[in-house]
Structure formats: C-alpha cells, structure tokens
There are 4 protein chains.
Amino acid sequence: MKAEIKQKSILLFEEKGFSETSIQDIVEALGVTKGTFYYYFSSKEQLLMDIHLGYIDDLLNRQEKIQQKQISNREKLTQLIALLITDIAKHGPSGKVFFREMRHLGEENAFQVKGKREKFRKNLEKIIMDGIVQKEFRQGLDPDIIAFAILGVANWSYQWFNPSGGITADRLADIYSDLILNGIV
Amino acid sequence: MKAEIKQKSILLFEEKGFSETSIQDIVEALGVTKGTFYYYFSSKEQLLMDIHLGYIDDLLNRQEKIQQKQISNREKLTQLIALLITDIAKHGPSGKVFFREMRHLGEENAFQVKGKREKFRKNLEKIIMDGIVQKEFRQGLDPDIIAFAILGVANWSYQWFNPSGGITADRLADIYSDLILNGIV
Amino acid sequence: MKAEIKQKSILLFEEKGFSETSIQDIVEALGVTKGTFYYYFSSKEQLLMDIHLGYIDDLLNRQEKIQQKQISNREKLTQLIALLITDIAKHGPSGKVFFREMRHLGEENAFQVKGKREKFRKNLEKIIMDGIVQKEFRQGLDPDIIAFAILGVANWSYQWFNPSGGITADRLADIYSDLILNGIV
Amino acid sequence: MKAEIKQKSILLFEEKGFSETSIQDIVEALGVTKGTFYYYFSSKEQLLMDIHLGYIDDLLNRQEKIQQKQISNREKLTQLIALLITDIAKHGPSGKVFFREMRHLGEENAFQVKGKREKFRKNLEKIIMDGIVQKEFRQGLDPDIIAFAILGVANWSYQWFNPSGGITADRLADIYSDLILNGIV
DNA sequence: AATGAATGAGGCTTCATTCAT
DNA sequence: TATGAATGAAGCCTCATTCAT
C-alpha cells in the first residue's frame with residue numbers, strides 16, 4: 001500500500017503540482033481513505049521527501065558506478081548525460097517532481113536533499129576537471145560552470161522531451177553529448 | 001499602487017512560490033488591505049498573467065531587435081545568449097517566476113503565454129537554421145534540439161546564478177557562448 | 001440619473017435578486033461609478049425602500065380610486081383583481097421585487113411597508129365584508145381569509161404569468177374574477 | 001449529524017433567508033465547525049438542493065397516493081388542497097424555503113426541481129381536466145390556469161398562515177376548498 | 001491495517017461603504 | 001455632480017491533520 005500511495009502521488013504531483021494535489025486527491029485515486037494515508041506517512045512533506053530520496057539516491061548510485069569505471073573522462077561524461085536523459089523515459093514523473101517541488105520541503109529536509117544534489121553536481125564537475133587535467137578537454141574551462149550548463153541542458157529536457165515523440169532518449173543523449181563536446185561551429 | 005503590488009508580488013513569488021504566497025502576504029507587505037488588491041487585479045491568476053506578459057513581451061521585443069540586425073548568425077546567437085543571461089541580473093525575480101509558475105495560469109492564459117514562449121524558441125531555432133544554411137554552423141545539426149539545449153543552459157542559470165557572486169553576467173554569457181559554439185573538446 | 005438608477009436596479013433585482021445584485025452590477029450597467037450611486041442613495045437598502053414605496057403607494061392610490069366609485073362591491077372586486085393582474089404587464093419587474101425582497105428591508109422600513117401592504121389587504125377585506133352585508137356575496141364567508149386567497153391567486157401570477165405568452169392580462173383577470181365569484185362547480 | 005445540519009439549516013433559511021444565512025451561522029447554531037459542514041455537504045447549494053428534494057419528493061409521493069384513490073375528482077381536489085395546507089403545520093419551514101429559495105439553485109439543480117414542481121402542477125391540472133370531462137366541474141374552464149390559481153391560494157398561505165394562530169389548518173383547507181368549488185357569490 | 005468523523009486555520013474573493021478631490 | 005482609490009468585514013470553501021474505533 002505504501003508503495004502504491006507513493007507511486008500514485010508521483011503521478012499526481014507531476015500532473016498538477018505538489019501544492020495543488022490534496023491528500024484527498026491521492027487517496028481518492030486509490031480508493032482508500034485519509035486515515036490510510038496517515039498510517040503510512042506522517043505528513044504530506046514526508047511523502048515528498050520519500051520521493052526525493054528515492055530519486056536522488058538512485059541517481060547517485062548510478063553516477064558512482066559510472067565514475068568508478070576504467071574509461072576516459074570523455075566517455076564518463078557521455079554516459080552521465082545518457083544517464084540523465086534516458087532516465088526521463090523510465091522515471092520521468094519522478095524526475096519532474098524532483099526538479100520542481102523541492103521548495104516544499106522543510107528546512108531540514110531541503111538541506112539534506114540539497115546536499116545530495118550538490119554531490120551529484122560536484123561529481124560531474126570532477127569528471128570535467130579530470131578531463132582537463134588529462135588533456136581530454138580544452139584548457140581554460142571553468143569546470144563548475146560547465147557542470148551547471150550540462151545539468152541545464154539535461155534537466156531542461158524534463159520540460160519538453162516526450163519519450164514517445166519523434167526522437168528517442170538514446171538519440172537525444174547522443175546529440176547532447178556531441179553538442180557539449182564539439183559545439184556547433 | 002498597481003505597479004507596487006506587481007513588483008512586490010514578483011519578489012514574494014520568487015521567494016516563496018506562487019501557491020505559497022497569499023494575497024494577505026502581498027498586501028501586508030505593502031501596508032494596504034485586500035480590498036486594494038482586488039481593486040487593481042481581478043484575481044491572483046490575473047496578477048500572475050500580468051507578470052508573465054510583462055516578462056515575455058519584453059523578451060520578445062529585445063529578441064526581435066537582435067534578429068533584425070545586419071550581423072552574422074553566430075553573432076546573433078551570442079547576443080541572444082547574453083540577452084537571456086544578463087536579464088537575470090536586471091529582471092531576475094521576474095524570470096524565475098516566469099519559468100516556474102506557469103502551471104498556475106488557467107487554460108486560456110497558459111495557452112497565450114505558451115504561444116509566446118514558443119515564438120521565442122522558434123526565433124532561436126531560425127537563427128541556428130540560417131547559420132547552418134550559411135555554413136556558419138556545422139551541417140547535420142538538429143536546430144530544434146539545439147535550441148532546446150541553449151534554452152536549458154540559459155534558463156537553468158535562474159536556479160543557481162547569483163549576479164552578486166563570483167562571476168559577472170557578462171562573463172557567464174561569454175562562457176556559455178563559447179561552450180555552445182566550440183564545445184569542450 | 002436617480003430615476004435611471006432606480007429603474008435599472010428594478011430590472012436587475014428582478015432578474016437576479018436583491019442580494020445577488022451588487023452595487024457594482026448596477027453602476028456598471030449604467031456606465032457610471034459607485035460614487036454616483038452613493039450621491040443619490042445613501043444605501044442599498046434605501047434604494048430598495050424607494051422601489052417598494054413607489055410600488056405600493058401607486059397601488060394604494062389606484063385601489064382607493066376603485067373603492068370610491070359608485071359601483072357594486074362585486075364590480076369593485078372585479079376591478080381590483082384586474083388592477084393586480086394587469087399591473088404585471090405594466091410594472092411587472094417592480095411587482096416581483098416587491099413581493100420577493102421585503103426581507104431585505106431593515107426593521108423600521110419593513111414596518112412601514114408592511115403597514116401599507118396590510119392597508120391594501122384590509123381594503124380588499126372591506127369590499128368583501130360590504131358585499132356580504134349587502135347580500136352580493138354569500139353569508140358565512142370569512143372576509144379575511146377570502147382576502148388572503150384572492151391575494152394569493154393574484155400574486156402567484158407573478159411567478160408564472162408571461163404577458164407576452166398565450167393569454168392576455170385582461171383575459172386572465174376575467175378568468176380569475178369568474179373563479180373567485182363562481183367557483184368551479 | 002447530517003440530518004441535524006439539514007434541519008437546523010431549514011429553520012435558519014426560513015427565518016433569515018438563504019443568502020443571509022452563512023455557513024458560519026449554521027455550524028455555530030449546532031456547536032460544530034465549518035469543516036464538519038463540508039464533510040457532509042459539498043456546498044451550500046447542495047444543502048439547499050437536499051432540502052428541496054426532500055420536500056418535493058415527499059409532496060409528489062403523497063399526491064400520487066391521492067391520485068390513485070377510487071374517489072371523485074372533486075374529492076381528490078379537496079384532499080389535495082388539504083395536503084398542501086396541512087403540510088404547513090407539519091413541514092412549514094421546509095415549505096417556505098422551498099417556495100422562496102429556488103433561485104439559489106444552479107442551472108442544473110433548478111432544472112431538476114422545476115421539473116418536479118411542474119409534475120405536481122400537471123397532476124393537479126389533470127384532476128381538473130378529468131373533473132370537467134366527467135361533468136363534476138363546469139365546462140369551459142381553463143384547467144391550467146385554474147391549477148395556477150389553486151397553487152397560488154395554497155402557496156400564499158406560507159406567507160401568512162400561522163398554524164398556532166386563530167384558525168386550524170384543517171379549517172383553512174375546508175374554507176379554501178369551498179371557495180374554489182363554489183366561489184363567493 | 002484502515003476507517004470516518006471532526007477540526008481549525010487559512011485561502012481567495014465579494015461587497016457595501018467612505019472620502020478626498 | 002461625479003470619480004476613483006481604499007477599506008474591512010464577511011462569505012464560501014479547501015485542506016492537512018487528529019483520533020477514537
């Protein structure tokens with residue numbers, strides 16, 4: 001039941017937003033009552049936190065696996081971009097909620113999630129830094145700003161990319177890797 | 001007074017979010033009463049719409065001016081990126097609200113704003129397309145996806161870029177133009 | 001202007017009800033502003049009172065004229081019924097407002113209007129009483145209750161009678177006089 | 001609790017009118033909170049609808065029972081008048097609300113109630129029609145208009161008749177039946 | 001493990017009214 | 001004679017949450 005509540009909530013939060021989705025909406029969609037909700041979750045925020053952690057922990061895990069591979073930084077970067085993009089197809093709604101609704105976490109929870117987000121970013125930054133040192137990437141780049149740019153490109157996909165549309169996630173990841181690596185000139 | 005309400009609302013919406021900012025919050029911050037608010041705005045949504053239109057119309061205007069210049073597409077693109085980034089410093093809060101709170105517009109209003117957003121994107125797409133045709137940019141690029149990428153890079157800045165931080169908006173715009181044009185390899 | 005406000009208000013009150021019609025509705029329908037309204041009327045209730053008095057005073061006047069005629073009580077009754085019914089065609093909206101919205105008068109005003117209403121009823125009662133005494137009507141009738149019945153028949157017309165429908169006000173008055181006088185057996 | 005809310009609301013609506021009675025008034029009178037009200041009724045209008053349906057459905061039921069009896073139309077008419085009048089004593093407030101506050105129903109609900117009201121009227125009309133055909137009543141009568149008259153007489157009672165006053169409901173019903181059947185001449 | 005009744009705070013909005021100009 | 005800005009009280013409704021069962 002707990003899993004069902006979480007899953008349905010993700011869908012509703014993605015569709016209507018966190019604030020606009022009431023506990024009533026959630027339990028009605030599942031055919032249970034409010035009491036049930038509060039049996040499994042102590043508050044609406046805690047549910048949101050659950051969703052956030054589920055998402056970011058999984059992402060960090062998979063990032064780490066890439067990081068540990070014995071491959072070039074260039075290849076790592078490519079796989080990381082693919083990781084972010086192809087995730088949309090698999091955990092799309094989860095991601096949208098993740099990128100949109102962090103504001104609704106209380107101070108403490110927000111702090112925790114923010115930390116993990118930044119860890120992800122720092123990891124990405126490190127790949128770029130390493131790539132520069134090892135001359136895989138150009139000299140003179142600002143690794144932190146490049147990292148932000150990559151995250152921007154990838155995360156923005158959540159706003160428009162439709163996996164069942166005219167282009168696959170894999171192809172999109174390729175295009176983006178190419179863009180980041182080679183530019184458009 | 002109308003302008004004051006709008007301006008203060010933008011700040012509050014940016015800080016706490018649209019749903020989390022009550023009319024009460026707004027009028028209290030201004031030392032007036034709720035009646036005053038409704039004298040100037042027929043609803044909370046209408047105020048949001050006002051903010052959105054103010055932002056996107058201004059953006060479209062300035063985009064058009066760039067588009068009409070007698071300069072290369074490469075230069076146009078550079079200026080457009082600068083337009084988006086440097087705007088943060090000037091109309092930062094407005095932009096954040098714009099990128100975050102569209103969901104709270106009703107169907108009709110959302111439709112109108114979406115139209116203008118897409119017009120901006122299409123204009124950007126055209127620059128890329130023209131640049132490809134005129135051999136300023138590489139062949140084989142997907143102009144629409146590249147456009148999304150550029151918007152992602154720029155818009156994501158709203159989430160982290162702090163104009164009073166360690167880097168200026170101009171410098172950031174330069175870095176991003178360089179990245180888009182040349183890649184990191 | 002005062003007359004225009006009153007007239008338009010009657011129409012709006014009839015259509016939507018007193019409580020449901022705002023001062024805003026009234027002045028908007030006239031293309032003026034709220035200030036104008038309060039220049040002519042000290043309150044919404046006072047406007048309602050104006051309407052009530054205009055209606056009931058006129059009705060009482062015309063009733064009196066009938067009462068003073070040198071005709072049989074039977075004929076007086078017939079003319080009174082006609083007076084009530086045919087009024088719908090002429091002052092329809094006014095009448096509907098009169099019969100519906102008295103509750104919105106304050107204590108003092110309600111008292112005054114109630115007095116005039118009762119005067120009308122008492123006058124009607126007197127005709128019946130006189131008619132009984134003079135053997136134009138049956139013995140043993142309760143004049144007060146008969147008066148209520150006649151008012152019921154006539155006033156209820158305001159709820160359904162459409163002067164531009166299939167039957168004229170004159171014809172309806174005839175039918176009702178016949179019914180009251182002769183019954184249906 | 002739901003029944004209690006409904007019952008108390010009827011009393012308050014009768015006394016002060018629907019628009020003039022706030023949800024606050026209702027729950028305060030019962031010593032509960034607004035939340036409780038909305039737990040049982042989805043809106044103020046829905047409560048009103050509940051009241052309307054409770055009244056008209058009951059009335060239609062009892063009308064039907066009379067209609068099916070093996071008695072003369074004259075007797076049916078008499079019993080129907082008695083039904084309407086004596087109802088005041090029993091469900092007085094309910095009736096007053098019914099006859100006064102239909103305007104506050106939304107389009108859809110009003111339509112439904114209007115249909116039932118008209119069914120009641122049509123049934124009454126049929127009795128008169130049948131009575132004419134079977135020569136119990138005079139020829140040449142307009143059954144629909146007579147029906148309106150009867151409803152007017154009866155319904156108007158709600159405005160003045162006080163069951164605990166100088167005359168009983170049974171006696172009033174007798175007087176009205178006599179008036180309708182025999183007239184006053 | 002789940003229900004259903006109840007709460008109370010707060011949200012958006014409407015509105016009659018006032019008043020300086 | 002009329003305007004327009006501002007008020008403040010009140011209205012309907014939503015919602016996260018609690019708790020006895």
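By convention in this document, chain letters (A, B, ...) are assigned in the order of the sequence lines, proteins followed by strands, and residues within each chain are numbered from 1.
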S.K.: Report yes if the side chains of C/Leu105 and C/Lys114 come closer than 4.5 Å at any heavy-atom pair, otherwise no.
M.R.: no
S.K.: Ignoring hydrogens, what is the shortest heavy-atom contact between A/Met1 and A/Thr36? Give both atom names and the distance.
M.R.: CG-CG2, 4.1 Å
S.K.: Do you see a donor-acceptor pair shorter than 3.5 Å between the side chains of D/Glu20 and C/His104?
M.R.: yes
S.K.: Remember a base hit wins even if backbone is also touched, and classify A/Ser42 as base, sugar-phosphate or nothing at under 4.0 Å, heavy atoms.
M.R.: nothing
S.K.: Is there a donor-acceptor pair closer than 3.5 Å between any side-chain N or O of C/Ser9 and the backbone N or O of C/Ile5?
M.R.: yes
S.K.: Nearest whole angstrom, please: distance from the P of E/dG4 to the CD of A/Glu28.
M.R.: 13 Å
S.K.: So among B/Ile23, B/Ile10, B/Ile26, which one has a side chain to side chain contact (heavy atoms under 4.5 Å, CB included) with B/Leu47?
M.R.: B/Ile26
S.K.: Rounding to an integer number of Å, can you tell me how far B/Phe37 CZ sits from E/dT14 C1'?
M.R.: 14 Å
S.K.: Side chain of C/Tyr38 only, please: which of E/dG10, E/dT17, E/dA2 is the nearest?
M.R.: E/dT17
S.K.: What's the CG-P distance between C/Leu30 and F/dA2, to the nearest Å?
M.R.: 11 Å
S.K.: Please check this pair: side chain of D/Thr21 against backbone of D/Gly17, looking for a donor-acceptor N/O pair closer than 3.5 Å.
M.R.: yes
S.K.: Return the nearest nucleotide to the side chain of C/Ser22; candidates are E/dA16, F/dT1, E/dT13.
M.R.: E/dA16
S.K.: Taking OH from A/Tyr40 and C1' from F/dA16, how many angstroms apart are they, rounded to a whole number?
M.R.: 20 Å
S.K.: To the nearest Å, how far apart are C/Gln46 CD and E/dA16 C1'?
M.R.: 14 Å
S.K.: Could you state the atom-to-atom distance from CD1 of A/Ile23 to P of F/dA16 in whole Å?
M.R.: 5 Å
S.K.: Could you tell me the Watson-Crick or G-U partner of F/dT14, where both distances fall under 3.5 Å? Say none if there is no partner.
M.R.: E/dA9
S.K.: Please determine, for the side chain of C/Met1, which listed nucleotide (F/dA2, E/dT13, F/dA6) has the closest atom?
M.R.: F/dA2
S.K.: Closest to the D/Thr33 side chain: E/dG11, E/dT7, F/dC13?
M.R.: E/dT7
S.K.: In terms of the nearest nucleotide of DNA chain E, which residue is placed more toward the 5' end: D/Gly35 or A/Val32?
M.R.: A/Val32
S.K.: Does the pair B/Arg103/A/Glu101 count as a salt bridge with the N-to-O cut at 4.0 Å?
M.R.: yes
S.K.: Heavy atoms from C-beta onward define the side chain here; which of F/dT18, E/dT3, E/dT7 lies closest to that of D/Thr36?
M.R.: E/dT7
S.K.: Measure from CD on D/Gln24 to C1' on F/dA9 and round the result to the nearest Å.
M.R.: 13 Å
S.K.: Report the base-pairing partner of E/dA1 (Watson-Crick or G-U wobble, both distances below 3.5 angstrom), or none.
M.R.: none
S.K.: Is there a Watson-Crick or G-U wobble partner for E/dA20 with both distances under 3.5 Å, and if so, which one is it?
M.R.: F/dT3
S.K.: Does any residue of residues 4-20 of chain A have a heavy atom under 4.0 Å from DNA chain F, and if so, which ones, in number order?
M.R.: none
S.K.: Distance check needed: E/dA2 C1' versus A/Lys2 NZ, whole Å only.
M.R.: 16 Å
S.K.: Check whether any side-chain heavy atom of C/Arg117 sits under 4.5 Å from a side-chain heavy atom of C/Phe98, and report yes or no.
M.R.: yes
S.K.: Can you work out whether C/Lys44 or B/Lys34 has the more 5'-proximal nearest nucleotide on DNA chain E?
M.R.: B/Lys34
